[in-house]
Amino acid sequence: MKLTRIVLTGGPGGGKTESLDEMRKRYEEKGYHVIVTPETATEVILAGLGRPSSMDNFNFQTLVLKLLLFREDEFTKAASLLQDGKDVLMICDRGALDGFGFLEPPLFEKILKNANLTKEDLYDRYDAVFQLETAAKSTLDSYTLSNNAARTEDKEEAAFEDDVLYETWSDHPHYFFIGASETIEEKMDLLEKAIDFYLDNQKKTKPTAVSDAAKKESD
């Protein structure tokens, strides 16, 4: 049994929410035990602690990072207790570096420094990163705020955040970019092909045992 932890990222309106549900279904059918970590920022906002509120964005992003890291670590430990013998695919709705897309980079770098973390430390948490390009960049005018009650960005803001996240994640050794498509179904097919490509190549390398990953997180 081995663990693969991947990130779905990108500017708002990239189709992450729809893709998460579909990828869970597709990879469970392929025999994986799939664990999905929900988007922490959305949960914090809907809980009443996010923007607009008395909490400034620096403190908001600090809270999001702490909760995100804690949940990923605890889910990884829990994965080592699974008894079905299946390989585990953990799909993270945004990763620990996504704050760069939603806060001025020098301020997010300060958050990392306060947490005694580096960008490289956070790269190492994930086996692969898949960026879903925001529909705000599409000529099809398909960008919408209707499928996420916590989303407030207009098209220009969403496109800018998408660009920043590209700059943030593209140096990861296993980074994949999924461009805007005419339909969400086409985009999910492209995402599945990219994940399959990574997983097929991973099989040729030494696997990471779930128990070893959980132990590393707890050290």
Side-chain angles (χ1 to χ4, degrees), residues 3-25 27-28 33-79 81-82 88-104 107-108 110-112 114-115 117 121-122 125-132 134-136 143-154 157-158 160-162 164-165 168-169 184 188 191 213-214 217-218:
L3 168 70
T4 301
R5 185 158 52 185
I6 67 174
V7 173
L8 298 190
T9 187
K16 289 189 297 84
T17 301
E18 299 92 333
S19 296
L20 280 164
D21 292 338
E22 185 65 18
M23 291 306 108
R24 179 202 288 273
K25 177 183 176 182
Y27 282 92
E28 285 178 345
H33 189 117
V34 180
I35 299 173
V36 173
T37 67
E39 184 179 8
T40 305
T42 293
E43 291 189 333
V44 173
I45 291 171
L46 296 181
L49 293 170
R51 304 155 292 173
S53 73
S54 59
M55 184 181 296
D56 63 45
N57 200 20
F58 179 85
N59 288 317
F60 172 79
Q61 294 295 340
T62 299
L63 175 61
V64 167
L65 181 63
K66 288 180 179 179
L67 293 175
L68 181 151
L69 295 176
F70 175 79
R71 174 154 48 194
E72 288 181 356
D73 291 348
E74 291 304 309
F75 279 20
T76 297
K77 294 174 188 176
L81 305 176
L82 295 173
V88 178
L89 179 64
M90 183 182 295
I91 308 176
C92 303
D93 188 347
R94 298 202 177 281
L97 285 169
D98 271 47
F100 273 112
F102 302 91
L103 182 68
E104 294 82 355
L107 289 178
F108 196 72
K110 182 178 179 181
I111 292 175
L112 296 184
N114 290 344
L117 292 168
D121 291 333
L122 299 183
R125 293 179 65 86
Y126 308 106
D127 296 292
V129 177
F130 301 84
Q131 179 166 351
L132 301 174
T134 177
Y143 181 70
T144 178
L145 301 175
S146 63
N147 61 346
N148 188 331
R151 183 181 301 150
T152 60
E153 295 89 350
D154 61 25
E157 290 170 329
F160 174 78
E161 289 163 6
D162 200 70
V164 174
L165 290 169
T168 299
W169 285 111
I184 185 61
M188 287 188 290
L191 173 61
E217 297 293 357
S218 63

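Throughout, numbering of the chain's residues begins at 1 and tracks the sequence.
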Requested in this report: Only counting residues at least two apart or in another chain, list the ones meeting ring pair (Phe, Tyr, Trp, His ring centres under 6.0 Å) with Phe100.
Outcome: Phe108

Requested in this report: To the nearest 0.5 Å, tell me how far Thr9 OG1 sits from Tyr126 OH.
Outcome: 9.5 Å

Query raised in the report: Asp121 and Leu112: side chain to side chain contact (heavy atoms under 4.5 Å, CB included), yes or no, with the steps?
Result: CA-CA 10 Å; Asp121 291 333; Leu112 296 184; over 6 Å; no

Query - Residues in salt bridge (Lys or Arg N to Asp or Glu O under 4.0 Å) contact with Glu104, at least two apart in sequence or another chain - result: none

Query raised in the report: What closest approach, in Å, do Arg71 and Glu39 show between heavy atoms, and which atom pair accounts for it?
Result: NH2-C, 4.4 Å

Query raised in the report: After noting the C-alpha distance and the side-chain angles of Asp98 and Leu165, does the key distance pass the side chain to side chain contact (heavy atoms under 4.5 Å, CB included) rule?
Result: CA-CA 7 Å; Asp98 271 47; Leu165 290 169; 3.9 Å; yes

Query raised in the report: What distance do Leu191 atom CG and Met23 atom CE have between them, rounded to the nearest 0.5 Å?
Result: 4.5 Å

**Report entry** Separation of Met90 CE from Thr76 OG1 (nearest 0.5 Å)
**Finding:** 3.5 Å

Query raised in the report: Quick check: does any side chain N or O of Arg5 sit under 3.5 Å from a backbone N or O of Arg125, one acting as donor and the other as acceptor?
Result: yes

Requested in this report: Begin from the C-alpha positions of Asn114 and Thr62 and carry the test side chain to side chain contact (heavy atoms under 4.5 Å, CB included) through to its verdict.
Outcome: CA-CA 9 Å; Asn114 290 344; Thr62 299; over 6 Å; no

Query raised in the report: Do you know the tightest heavy-atom contact between Met188 and Ser19?
Result: CG-OG, 3.5 Å

Query raised in the report: Does atom CZ of Phe160 have more than 12 heavy-atom neighbours from other groups under 6.0 Å away?
Result: no

Report task. Give the minimum heavy-atom separation between Asp162 and Thr134, together with the two atoms involved. Result -> OD1-N, 3.3 Å

Requested in this report: Check for a donor-acceptor pair, side chain of Asn57 on one end and backbone N or O of Phe102 on the other, with a separation under 3.5 Å.
Outcome: yes

Report task. Please test Leu63 against Met55 for side chain to side chain contact (heavy atoms under 4.5 Å, CB included), starting from the C-alpha separation and ending with a verdict. Result -> CA-CA 10 Å; Leu63 175 61; Met55 184 181 296; 4.2 Å; yes

Query raised in the report: Thr4 side chain to Leu89 main-chain N or O, any donor-acceptor pair under 3.5 Å?
Result: no

Query raised in the report: So, Lys25 and Glu22, do they make that salt bridge, N to O below 4.0 Å?
Result: no

Report summary line: When every non-hydrogen atom of Glu72 is compared with those of Cys92, the smallest separation belongs to OE2-SG, 3.7 Å

Report task. Measure the spacing between CG of Leu132 and NZ of Lys16 and express it to the nearest 0.5 Å. Result -> 8.0 Å

